[in-house]
Amino acid sequence: MTMLKVAVIDRARQTEVARALRRVLPESSVLFNEEDTRPFECDGLTAYRQLPMVVVTPETEQQAANVLKICHAMQVPVVPRGAGTGLSGGALPHGEGVLLSMARFMKVLAVDPLARTAKVQPGVRNTVVSQVAGPFGLYYAPDPSSQIACTIGGNVAENSGGVHCLKYGLTLHNVLRVRGLTAAGEIVEFGSDALDSPGYDLLALTIGSEGLLVVVTEVTLRLLPRPAVARVLMASFDDAERAGNAVAAVIAAGIIPAGLEMMDRAAILAVEEFAHAGYDTDAAAVLLCESDGTEEEVGEEIRKVTGVLEREGASRIVVSHDEAERLRIWSGRKAAFPAVGRISPDYYCMDGTIPRSRLGEVLRFIAGLQEKYGLRCPNVFHAGDGNLHPLILFDANDPDQLARTEAFAAEVLEKCVAVGGTITGEHGVGVEKIDQMCAQFGADELDVFHRLKRAFDPAGVLNPGKAVPTLARCAEYGGMHVHRGALPFPDLPRF
Amino acid sequence: MSDEFMRAWAERIRTASERGVSLCIRGGGSKDFYGNAPAGEVFDTANHAGIVAYEPTELVLTARCGTRLTEIEQALAAKGQMLAFEPPHFGANATIGGCVAAGLSGPRRASAGACRDHVLGVRLMDGRGRSLAFGGQVMKNVAGYDVSRVIAGSLGTLGVILEVSLKVVPLPERERTIVRPMTQAEAIDALSWLAGRSYPVSASAWVDEALYLRLSGAERVLAPAAGALGGDTLDDSEALAFWLGVREQQSPFFANANSLWRLSIRPTEEPIPLPGTWMLEWHGALRWLRTDASEDEVRESARRAGGHATLFRSADSSAAAFTRPGATELGIMKGVKEALDPHGIFNPGRLYPDF
Ligand SMILES: Cc1cc2nc3c(=O)[nH]c(=O)nc-3n(C[C@H](O)[C@H](O)[C@H](O)COP(=O)(O)OP(=O)(O)OC[C@H]3O[C@@H](n4cnc5c(N)ncnc54)[C@H](O)[C@@H]3O)c2cc1C
């Protein structure tokens, strides 16, 4: 399962680096004993594990800057980490490096209710922002399912999305300003309290850069007024492909709901057992469509959506009556991953995004693969944006199942690229999808990515080896462009 | 044919790079006035035109750089859609390549997002003559750095935009504009209050001691909102002309001999005590100023207000258009420039004199 070679810690170097770091940090903020570093050995992609040489837990920007300066001078790789919920191994430690935990940067620095902004440190958890904004009638829109645990720093690094991104955008669309440190420990600020900034949009480049360009130390987030009313509509379909087509039909009718999610039968069953959200367990697929705004807007939109879904063959439509019912319906969707985690020893979550109009086709394709590989694959989607999360169920202790899962996943991602989509919609490349980057991009684009990285971090010490494959790596693997069903380097584990 | 065309462009760019010849990338030339003065041999992109793909259910349109903005807007309107960021044209021959390179957004920006927010992907020819594809046609894509969004607003200094994919949105069912006399300070308060509530306001402008609000949505939604907000309703044709005048800078406010400054600042800032006449947009976050105040004064005021100032139109072409970022940030920008245009041939000096 461990495709990466696990590096053995060099004790002499460890002592040398830890000693240098202790000069700028309190003793308790520099960890190197195995029992202290073990909790950091992986992120949400638990299949990859590596003990970090040293873990540091600074509390101030000055401390973090000093850590970076020392590591830069000593040529020690630095891996930033938030809550470690990332699903692509972005926060996987480096065996010869320092893991820079930003979890203690937990302060909400300011909420400006009139300007509708919140200034927070990167270790603040996503839900906390909406909690502190709540008394002012405001909230922070991007809501990854992991929002109780994941940090704003991690959200910025991954450009995370959530069920409400269809209408309110991704992290990118909701961040006004990032303050951070370069690999050399210099302070930078991208963006401001204004809506744009002069020069190149380095804010856009930083968001989603997976901790390779800057260490985020402060973020100004855009807050939105909490809509007066929100209601969720739940529609059942007898056929998953028809549900997929209904999604495209809603958009085609000129409606951009606040959320448009889909779950297939396998996912519904798992979720119902776990969360008792009241889902229709007879349906082949369920669509959740949220509408928010003024009472009039919501009434109008629900009426229109209902019309479209009825025409598209929905077998049952339920609309939430009150907030409790709405939250109960969403609780199922938000618990989809843990629910699936209960019905299988392991699951592998994919994150491809495809054009909406190909949803039905790709669903059929995945159904075929389940038979081909003899593995179950419940599907939960951010259907409105065409972002798929097929969850392949397997048992990691069975090498044959593992191999079949890898092949299954490879075919799905290949299909996503083939229909004009992408290998990752929101979870990032990390170490997990680094080989598929060779399929998504050509050598010239990858070359540009490496050059951009050097513009921020010429020494290459910040989160090296993640997100962008070296050209040598792609060449070695012969690229990932595979046609006529031949599997790309089938001997390579994919997670 | 098209391949040949691309080969010719690549050849020209490679030769220019070898010889250190500056190229001035130009679509319709409608934004020649914007930024520092254009320099170099004209590299005309207007011939590389046409909508490549438009699938209304995907909410995505892909077009070649030389496609006229008007053509794109017509194609979208025919399917009940639009560019959400309501870009200014500044001329009938404005192209989509120039629109994205300039990165400017119109009245709907405060509610719908900026040009860069709607760029999903670009195909770019860099200073090595390579045709590069970044981003794509789907809404969510986090593979690789978000280069396509950096291209928005880079003023052609990073390469020739060959093709761009934009997210589009449905046209609102109806729009209604209401107007109410008030002072600038009152307008700023009113706009801050409004922005914190979920009224369907799609654009705002304060000019000549009056606040204009455009509401967008279904009639059933607009009527109660307009009722609650009060004020007079403009005729539909009057309203259209008003917002067009704001977007295209054709309203009387812009007919004035003084320099035109664009201050992009914290929206809640009180009226800025600089001499001249003001017009506000974007719920107070964008402020246009006609003034003869000095460059330093204007830039310093904008900085204190949490933002920056751009000399948008000026009789004096020697003054710099854009505010300089900090030294570290500027250093990184130089690195970004070098990554894509190592010989510095594209639109030199248009953004900053340094590159
Ligand atoms: C059950 C579950 C559900 C999920 N649902 C969603 C979802 O709906 N949508 C979604 O988008 N994601 C989802 N995720 C993925 C994950 O939660 C997000 O990617 C999240 O943003 C990661 O935040 P984190 O604080 O845990 O970051 P980490 O995992 O600690 O780190 C993620 C990346 O960010 C970098 N990083 C962290 N902090 C900083 C910093 N301060 N400066 C620079 N770089 C930094 C790291 O180096 C790493 O590359 C889910 C994960 C789980 C486990």
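Not measured: the values here are computed from a predicted model. First the proteins, then the strands, lettered A, B, ... as listed; each starts at 1.
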Name the region of [X], side chain, backbone, both or neither, that has any atom closer than 4.5 Å to a heavy atom of chain A.
X	value
B/Ala114	neither
B/Leu59	both
B/Arg262	side chain
B/Leu340	side chain
B/Ala285	side chain
B/Glu173	side chain
B/Ser198	both
B/Lys337	both

Q. Do you see a donor-acceptor pair shorter than 3.5 Å between the side chains of B/Glu58 and A/Ser357?
A. yes
Q. Any side-chain donor-acceptor pair under 3.5 Å between B/Thr157 and A/Tyr200?
A. yes
Please classify the contact between [X] and chain B as side chain, backbone, both or neither, with a heavy-atom cut-off of under 4.5 Å.
X	result
A/Leu224	neither
A/Lys304	side chain
A/His427	backbone
A/Asn387	side chain
A/Arg454	neither
A/Val188	both
A/Ala467	neither
A/Leu213	side chain
A/Glu186	side chain
A/Leu166	backbone

When only pairs under 4.5 Å are counted, which of [options] shares the most heavy-atom pairs with chain B?
options	result
A/Ile251, A/Leu205, A/Val429	A/Leu205
A/Ala204, A/Gly420, A/Gly161	A/Ala204
A/Ala253, A/Gly421, A/Ala115, A/Gly199	A/Gly199

Exercise: identify the closest heavy-atom pair between [X] and [Y]:
X	Y	result
B/Tyr352	A/Pro198	OH-CB, 3.4 Å
A/Gly254	B/Pro170	O-CG, 3.3 Å
A/Leu114	B/Ser192	CD2-CB, 3.7 Å
B/Gly307	A/Ser192	CA-OG, 4.4 Å
A/Met437	B/Ala143	SD-CB, 3.9 Å

Sub-4.5 Å side-chain heavy-atom contact between [X] and [Y]:
X	Y	result
B/Val142	A/Thr422	no
B/Val336	A/Leu452	yes
A/Pro355	B/Val138	yes
A/Leu212	B/Tyr145	yes
B/Leu286	A/Leu195	no
B/Ile332	A/Phe190	yes
A/Val448	B/Leu132	yes
A/Thr424	B/Lys140	no

Do the side chain of [X] and the main chain of [Y] share a donor and acceptor less than 3.5 angstrom apart?
X	Y	value
A/Glu297	B/Val221	no
B/His308	A/Ala194	no
A/His173	B/Gly113	no
A/Arg356	B/Thr57	yes
B/Glu329	A/Glu189	yes

(Q) As an exercise, state the distance from CG of A/Asp196 to OG of B/Ser105, rounded to the nearest 0.5 Å. (A) 7.5 Å
Q: Nearest 0.5 Å please: distance from the CG atom of A/Asp193 over to the CD1 atom of B/Ile265.
A: 10.5 Å
Q.
side chain to side chain contact (heavy atoms under 4.5 Å, CB included), that's the test. Do A/Leu172 and B/Arg149 meet it? Break it down for me.
A. CA-CA 10 Å; A/Leu172 172 91; B/Arg149 291 196 163 99; 3.2 Å; yes
(Q) salt bridge (Lys or Arg N to Asp or Glu O under 4.0 Å) for B/Arg220 and A/Glu295? Distances and angles first, verdict last. (A) CA-CA 10 Å; B/Arg220 277 163 64 170; A/Glu295 186 69 59; over 6 Å; no
Q: Given side chain to side chain contact (heavy atoms under 4.5 Å, CB included), test A/Thr206 with B/Asp146 step by step and report yes or no.
A: CA-CA 8 Å; A/Thr206 303; B/Asp146 206 345; over 6 Å; no
Flag the one option from [options] with the top tally of heavy-atom pairs under 4.5 Å to chain A.
options	answer
B/Gly335, B/Ala195, B/Gly326	B/Ala195
B/Leu263, B/Leu158, B/Val147	B/Leu158
B/Arg324, B/Arg116, B/Gln137	B/Arg116

**Q.** Verdict with supporting geometry, A/Asp447 and B/Arg130, salt bridge (Lys or Arg N to Asp or Glu O under 4.0 Å)
**A.** CA-CA 11 Å; A/Asp447 172 59; B/Arg130 304 183 293 190; 2.8 Å; yes
Q: Would you please test B/Asp126 and A/Glu445 for side chain to side chain contact (heavy atoms under 4.5 Å, CB included) and show each step?
A: CA-CA 10 Å; B/Asp126 75 355; A/Glu445 285 86 3; over 6 Å; no
Q) Are there more than 12 heavy atoms of other residues, nucleotides or ligands under 6.0 Å from atom CD of B/Glu219? A) yes
